[in-house]
Amino acid sequence: MPRFIYGGSFTKRNGDKMKNDYQLIYNKLYKHYGPQGWWPAETPFEMMIGSILVQNTSWRNVDKALDNLKPFLKPEAIDKLSIDELAQLIRPSGFFNIKASRIKSYMEWFKTYNYDIPLIKEVDRHKLRTELLSIKGIGPETADVILLYAFDIPIFVVDAYARRIFYRLGYDMPASYDTFRKQVENEIPRDLAQYNEFHALIVEHAKEHCKATPICDSCPLFDICYRRLD
DNA sequence: ATCCTGCACA
DNA sequence: TGTGCAGGAT
C-alpha cells in the first residue's frame, strides 16, 4: 500500500491512496511539448499590460488590443492616455472599461518604483506579492503571472487550466488558490526555469488536449489519467 | 451579480 | 445571422 506523505493526494480506483506527483506531470508534458519559452511578449512591460488584458479573455482578443497599444507600450505613453482613450484602444480584449482602470491602477503602483524593474526585483517576494494583490484589479493569478514572467520569481500560477487538468487526472483539488499553489511549490524545487515552463506547458496542454471537451487521443498523460468527468 | 469581445459552429 | 462559449476580479 503506497504511503501518503504530505500535501495533496488522491485515491485511485482500486482504493490506493496516492501522493500527488506534480514533478511527474511536468516531466511528461515537457517531454511531449518541449520548451515553451514564455511569456509571449516583446518586453516585460508589454507582459504586465498583457496580463491584465488577458483576464477572462482569450489570447486572440488580447493580441488585437496589444496591436492597438503598440505605439504606447512604454509607461510614459500609457500614463498620458486618459482612461477613455485607453479603453477604446483595448476594446477588443473585452471588459475594456474595467481593464482600462485596472491598467491605470497598476501604473500608479509601478510608478512608485519609477518603472524600474531591476529595482522591483530587489524587493522581498512575499512583500512584493502582497503589494501586487493590494492593487485594485490585480488578483492572485494576475499577480503571480507578473511575479513569474516580469520579475523572475519562481511561483506556481493557478489558473483554470491547471485546475481542469489536475482535476481530470484525479487529484484532489484544494478549494483555495493559495493552498493549491503551495501544494505544488512544496513539491517542485524553486527553480525559475521550471516554473516558467510549467505554467506554459499547462496552457499548451489545455489547448492541445485537455480542452473543455478533452481530446484524449494521443494525450501525453493518457496512461496516468483518470479522465474524471466534470 | 457584473463586466464584454471575437470566434466556432450551425 | 444567431447562439454559445471562453475567460478573473470585485
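Here is the naming used below: chain letters follow the sequence lines, and residue numbers restart at 1 for every chain.
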Rounded distance (Å) that lies between atom P of C:dA9 and atom CD1 of A:Ile103: 14 Å
Which nucleotide sits closest to the side chain of A:Phe96: C:dG8, B:dT5, B:dC3? B:dT5
Are A:Tyr115 and A:Phe45 an aromatic pair, judged by ring center distance below 6.0 Å? no
Side-chain atoms of A:Thr142 come closest, of B:dT5, C:dA6, C:dG8, to C:dG8
Can you tell me if the side-chain N/O atoms of A:Ser58 get under 4.0 Å from OP1 or OP2 in B:dT5? no
Can you check the A:Trp59 CH2 to B:dC4 P distance for me, whole Å? 20 Å
Roughly, in whole Å, what's the span from NZ in A:Lys99 to C1' in C:dT10? 14 Å
note: A:Lys207, atom NZ; B:dC7, atom P; distance rounded to Å ~ 14 Å
A:Asn61 side chain, from C-beta outward: closest of B:dT5, C:dA6, C:dA9: B:dT5
Would you call the rings of A:Tyr33 and A:His209 parallel, tilted or perpendicular, where under 30° means parallel and over 60° means perpendicular? tilted
Can you hop from A:Ile49 to A:Ile135 via hydrophobic side chains spaced under 4.5 Å? yes
Toward the 5' end of DNA chain C, by each residue's nearest nucleotide, A:Thr213 or A:Ile138: A:Thr213
Integer-rounded Å distance: B:dG6 C1' and A:Asn68 CG: 14 Å
Any idea which of B:dT5, C:dA9, C:dT10 is nearest the A:Glu141 side chain? C:dA9
Using a cut-off of 4.0 Å on non-hydrogen atoms, how would the nucleic acid contact of A:Asp159 be classed: base, sugar-phosphate, or nothing? nothing
Under 4.0 Å between a Lys/Arg side-chain N and an Asp/Glu carboxylate O for A:Arg181 and A:Asp178? yes
Ion pair A:Lys127/A:Glu131, N-O distance below 4.0 Å: yes
Reckon A:Lys64 has a side-chain N or O less than 4.0 Å from the OP1 or OP2 of B:dC7? yes
Does A:Ile135 reach a base, just sugar-phosphate, or nothing at all? Heavy atoms under 4.0 Å. sugar-phosphate
Rounding to an integer number of Å, can you tell me how far A:Leu132 CG sits from C:dT10 P? 12 Å
Using 30° and 60° as the class limits, which term best fits the ring planes of A:Phe180 and A:Phe156: parallel, tilted or perpendicular? perpendicular
Please report the distance, rounded to the nearest Å, between CZ in A:Phe95 and C1' in C:dG8. 9 Å
Of the listed B:dC4, B:dG6, C:dA9, the closest approach to the A:Pro92 side chain comes from B:dG6
In whole Å, I'd like the distance from the CG atom of A:Leu133 to the P atom of C:dT10. 8 Å
So what does A:Tyr177 touch, heavy atoms closer than 4.0 Å: a base, only the sugar-phosphate, or nothing? nothing
For a quick test of reading the model: is some side-chain N or O of A:Arg60 closer than 4.0 Å to OP1 or OP2 of B:dT5? no
Taking the side chain of A:Ala212 as heavy atoms from C-beta outward, which of C:dG8, C:dA6, B:dC4 is closest to it? C:dA6
